[in-house]
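The structure under discussion appears below in the form of structure tokens.
Everything numeric in this text was worked out from a predicted model, so none of it was measured.
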Amino acid sequence: DVAALEAGIHIRDADGEFDARPAKLRRDGGDAAYIRVTEGKYHQVKRMFASVENSVVALHRTAIGALKLDSTLGEGEARLLTDGERKMIFSEAEII
């Protein structure tokens, strides 16, 4: 399953179909994993895992581009970004 997600995968389901670009995946023991995608289509991560007969129980975004999200903010909270942070969103992120 990891190899399929890292190679890129064609998804066809009730919501439509598309080719998901290759992802980087790191298992975190047990059932947990970190995944890095370079696009964010509608429920993409959930659909990728479903296509290899797995499910996503919880999903937490930790970064957008090279910008690591502020861990002090609670769910649903927001703050303004600095100019530098805005630029980081479109920068290449570190590989996990």
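Looking at every heavy atom in both residues, P22 comes nearest to E6 through CB-O, 3.1 Å.
Legend: residues meeting salt bridge (charged side-chain N to carboxylate O under 4.0 Å, His left out) with D13, ordered by chain and number and at least two apart, are R47. A search for salt bridge (charged side-chain N to carboxylate O under 4.0 Å, His left out) contacts involving R27 returns nothing, not counting sequence neighbours.
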Legend entry - Test side-chain contact (heavy atoms from CB on, under 4.5 Å) applied to L25 and Y34, step by step: CA-CA 6 Å; L25 191 78; Y34 292 92; over 6 Å; no
Legend entry - Test side-chain contact (heavy atoms from CB on, under 4.5 Å) applied to F18 and Q44, step by step: CA-CA 10 Å; F18 68 95; Q44 177 178 331; 4.1 Å; yes
Inset, instruction - List the steps, then state whether side-chain contact (heavy atoms from CB on, under 4.5 Å) holds for L73 with R79. - result: CA-CA 8 Å; L73 292 176; R79 68 168 177 79; 4.1 Å; yes
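T38 contributes atom OG1, which lies 7.0 Å from atom CZ of R36 (distance to the nearest 0.5 angstrom). To the nearest 0.5 Å, the span separating CD1 on I64 from CD on E85 amounts to 11.0 Å. For the atom pair CD1 of I11 and CG of D19, the computed distance is 8.5 Å after rounding to the nearest 0.5 Å. One finds the CZ atom of R12 at 4.5 Å from the CD atom of E17 (value rounded to the nearest 0.5 Å).
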With a 3.5 Å cut-off and sequence neighbours excluded, list the donor-acceptor pairs that the side chains of residues 49-61 form with protein atoms.
from	atom 1	to	atom 2	distance (Å)
S51	OG	M48	O	2.6
N54	ND2	D1	OD2	3.0
N54	ND2	V52	O	3.1

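The side-chain heavy atoms of T62 and L69, taken from C-beta on, include no pair separated by under 4.5 Å.
Note on I9 and Y42: separate hydrophobic clusters, where clusters join Ile, Leu, Val, Met, Phe, Trp and Tyr whose side-chain heavy atoms are under 4.5 Å apart, directly or indirectly.
Formation of a donor-acceptor pair under 3.5 Å by the E39 side chain with backbone atoms of R21 is found in this model.
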